[in-house]
Amino acid sequence: METPQVHNFGAGPCILPKSVMEQAASAVINWNQSGLSILEVSHRSPEFESVVLKTQLLVRELLKVPDDYSVLFLQGGASTQFSMIPQSFLKTKGAYLDTGYFAQKAIKEARFYGDVQIVASSSDRDYAYIPDCDNTDYDADYIHTTSNNTIEGTEIFNFPKLGIPHFCDMSSDIFSRPINVRDFDLIYAGAQKNMGPAGMTMIIVKNASLKTVEKALPSMSDYRVFRDNNSLYNTPPVFSIYVSMLNLIWLKDKGGVEGVEQLNIRKANALYAEIDRNTLFYGLANVAHRSRMNVTFKMTDPSLEREFLNFAAERGVVGIKGYRTFGGFRASLYNALPLSSVNVLATAMQDFERLKYSSSIASDIEKELNKAELYA
């Protein structure tokens, strides 16, 4: 029996290309005809060290990472970076741009290590926009931003230029568009959105910034230790690094971040156009700051949300339920999601609108007939 097609709009772990999944599945059984699974190969072996090196080179090539930056692969997820950054770089005060749930989590962790200045916030409108924090002098050791807000559905397209070190959480839009790495002193991203499976976090850090770290730190919290050991200080997330390598090879073959950006723009435009057209739905984010990766929207009649979720699921659409504290819907359009899947979701929205419109007309007709019988 043929498995029905599933259109995965889940926010994470991400959808991965079928070809990458097939290669990864094969490697789990027998990696490179070695007779060993990729899950059991020694991380100290020359063969796996070559995987780490190739993955680093792919990151450098795809994002045009300058030579004076290091590329690291750490465990702990991006959330670990919320504390690792202030441990290393917060001396007196850290400046933070508050754009939503994950920015707030970063702020919470930083407060364990020193003073935090929230330079701007969009909390006044439920984080529906990106606040401006340009043209201001901050007496801070660094500024921290979140490039894409996975839950709220906003994305930074013009990063602030503030004259202090800039650290950015790019977990949910890394590799979805070109970036100028030199605009940042440190970039971090959990792998499970556009890079690979959960379990690994990529760090791109300016070597000159590491020289400013004056504190004695535990080894597992010290970027310099991982840099000096080529990300192999301890057993790394082997499978996540390997699958990320496969996925970055796939991305390169698709035209790199420049090529996939154009597809991501088409996908986002198609879905936002249907949200704006459809009388049953409305978007949540400011139009200028709408995320290309995570599209958030709600229904004009909230009582219909569960019905629409079931309606969409019958058509193979999964993963569109909004975050538990945010409600509504969230459709994540990561790199590997094809445009055809977006079209399936848009068509489901159109069909549901026609169904409800027809039901409404039938109900109105029935009411009028009942009135006519009453006064006959």
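The chain is numbered in sequence order, starting from 1.
Shown here for I320 and A312, the closest heavy-atom pair between the two residues is CD1-CB, 4.1 Å. Across K193 and S172, no two heavy atoms sit closer than the pair CG-CA, 3.6 Å. Pairing each heavy atom of T235 with each of H43, the nearest pair is OG1-CE1, 3.3 Å. Looking at every heavy atom in both residues, V116 comes nearest to A110 through CG2-CB, 3.7 Å. Contact record, G100 with N149: N-OD1, 4.2 Å, taken as the closest heavy-atom pair. In terms of heavy atoms, P236 sits closest to Q75 at C-NE2, 3.9 Å.
A 4.5 Å side-chain heavy-atom check between R227 and D222 finds every atom pair outside the cut-off. Taking the side chain as every heavy atom from C-beta outward, K321 and R306 approach each other to under 4.5 Å. At least one side-chain heavy atom of I107 sits less than 4.5 Å from a side-chain heavy atom of R111. A 4.5 Å side-chain heavy-atom check between N230 and Q56 finds at least one atom pair inside the cut-off. Looking at V243 and M195, their side chains never come closer than 4.5 Å, going by heavy atoms from C-beta outward. Side-chain contact between T99 and T145: absent, with no pair of heavy atoms (C-beta onward) separated by less than 4.5 Å. With contacts defined as side-chain heavy-atom distances shorter than 4.5 Å, the pair L217/S88 qualifies. Here the side chains of I275 and M349 are in contact, with some heavy-atom distance below 4.5 Å.
Stacking of R315 on the aromatic ring of F311 is recorded, both the 6.0 Å distance cut-off and the 45° axial limit being met.
For Y127 and Y101, the ring centers are positioned 6.0 Å apart or more. A centroid separation of less than 6.0 Å is found between the aromatic rings of F308 and F329. Between F9 and Y334, the ring center distance fails the sub-6.0 Å criterion.
The aromatic rings of F226 and Y233 sit perpendicular, their planes meeting at an angle over 60°, well past the 30° parallel limit. Using bins of under 30°, 30° to 60° and over 60° for the plane-to-plane angle, the ring pair F89/F167 lands in the tilted bin. The aromatic rings of H144 and Y188 lie tilted to each other, with the angle between the two planes from 30° to 60°. The aromatic rings of Y142 and Y96 lie perpendicular to each other, with more than 60° between the two planes, well past the 30° mark.
Partners of V318 under the side-chain contact (heavy atoms from CB on, under 4.5 Å) rule, at least two apart in sequence or in another chain, are V6, N8.
A donor and an acceptor atom, one from each side chain of Q81 and Y223, are located under 3.5 Å apart. Inspection of the N294 and N148 side chains reveals an N or O donor paired with an N or O acceptor under 3.5 Å.
To the nearest 0.5 Å, the span separating CG on L246 from OG on S26 amounts to 10.0 Å. Atom OG1 of residue T279 and atom CG of residue D301 lie 11.0 Å apart, to the nearest 0.5 angstrom. Expressed to the nearest 0.5 Å, how far CD1 of I143 lies from CD1 of I164 amounts to 5.5 Å. Residue L248 holds its CG atom at 8.5 Å from CG of L63, rounded to the nearest 0.5 Å. Atom CG in N180 sits 10.5 Å away from atom NZ in K64 (nearest 0.5 Å). Here N32 contributes atom CG and S34 contributes atom OG; the two are 6.5 Å apart, rounded to the nearest 0.5 Å.
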Next item on the list: Could you check H289 against T154 for side chain to side chain donor-acceptor pair (under 3.5 Å), going step by step and ending with a plain yes or no?
Entry: CA-CA 5 Å; H289 304 138; T154 60; over 6 Å; no

Check: Stepwise, does the side chain to side chain contact (heavy atoms under 4.5 Å, CB included) test hold for L186 with K206?
Finding: CA-CA 6 Å; L186 187 150; K206 194 173 186 178; over 6 Å; no

Next item on the list: May I have the step-by-step check of side chain to side chain contact (heavy atoms under 4.5 Å, CB included) for V344 and V342, ending in yes or no?
Entry: CA-CA 5 Å; V344 169; V342 177; over 6 Å; no

Checklist line | Residues D173, N194; criterion side chain to side chain contact (heavy atoms under 4.5 Å, CB included); working and verdict | finding: CA-CA 7 Å; D173 63 348; N194 262 331; 5.5 Å; no

Checklist line | Stepwise side chain to side chain contact (heavy atoms under 4.5 Å, CB included) test for I156 and L97 | finding: CA-CA 11 Å; I156 301 177; L97 184 65; 4.1 Å; yes

Check: Would Y129 and D124 count as a side chain to side chain donor-acceptor pair (under 3.5 Å) if you check the C-alpha gap in whole Å, the side-chain angles of each, and the deciding distance to 0.1 Å?
Finding: CA-CA 10 Å; Y129 69 102; D124 60 323; 2.8 Å; yes

Check: Under the salt bridge (charged side-chain N to carboxylate O under 4.0 Å, His left out) criterion, do E307 and K356 qualify, and how do the steps go?
Finding: CA-CA 11 Å; E307 186 178 351; K356 289 300 158 185; 2.8 Å; yes

Next item on the list: Give the intermediate values and the outcome of side chain to side chain donor-acceptor pair (under 3.5 Å) for residues N207 and S70.
Entry: CA-CA 6 Å; N207 291 325; S70 293; 2.6 Å; yes

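Annotation: K298, atom NZ; neighbour count of heavy atoms from other residues, nucleotides and ligands within 6.0 Å is above 12. For K108, the NZ atom sits in a loose shell: 12 or fewer heavy atoms of surrounding residues, nucleotides or ligands are nearer than 6.0 Å. Atom CG of N158 sits in a sparse spot, with 12 or fewer heavy atoms from other residues, nucleotides or ligands closer than 6.0 Å. At most 12 non-hydrogen atoms from other residues, nucleotides or ligands lie less than 6.0 angstrom from CZ of R266. For CG of D67, the number of neighbouring non-hydrogen atoms (other residues, nucleotides, ligands) closer than 6.0 Å is 12 at most.
In summary, E353 and R277 engage in a salt bridge, as defined by a charged side-chain N under 4.0 Å from a carboxylate O. Ionic pairing of R177 and E258 is not present here: no N-O contact between side-chain nitrogen and carboxylate oxygen is shorter than 4.0 angstrom. Ionic pairing of K252 and E61 is present here: one or more N-O contacts between side-chain nitrogen and carboxylate oxygen are shorter than 4.0 angstrom. E261 has a carboxylate O that lies under 4.0 Å from a charged side-chain N of R292, or vice versa, which qualifies the two as a salt bridge.
Cluster membership check: V225 shares its hydrophobic cluster with I85, using side-chain heavy-atom separations under 4.5 Å among Ile, Leu, Val, Met, Phe, Trp and Tyr. With hydrophobic clusters built from ILVMFWY side chains whose heavy atoms lie under 4.5 angstrom apart, F159 shares a cluster with Y69.
The backbone N or O of G77 lies less than 3.5 Å from a partner atom in the side chain of T201, making a donor-acceptor pair. Under a 3.5 Å cut-off, the side chain of S244 and the backbone N or O of S240 do form a donor-acceptor pair.
Residue pairs meeting the salt bridge (charged side-chain N to carboxylate O under 4.0 Å, His left out) criterion with at least one member in residues 86-105, sequence neighbours excluded: K91-E214.
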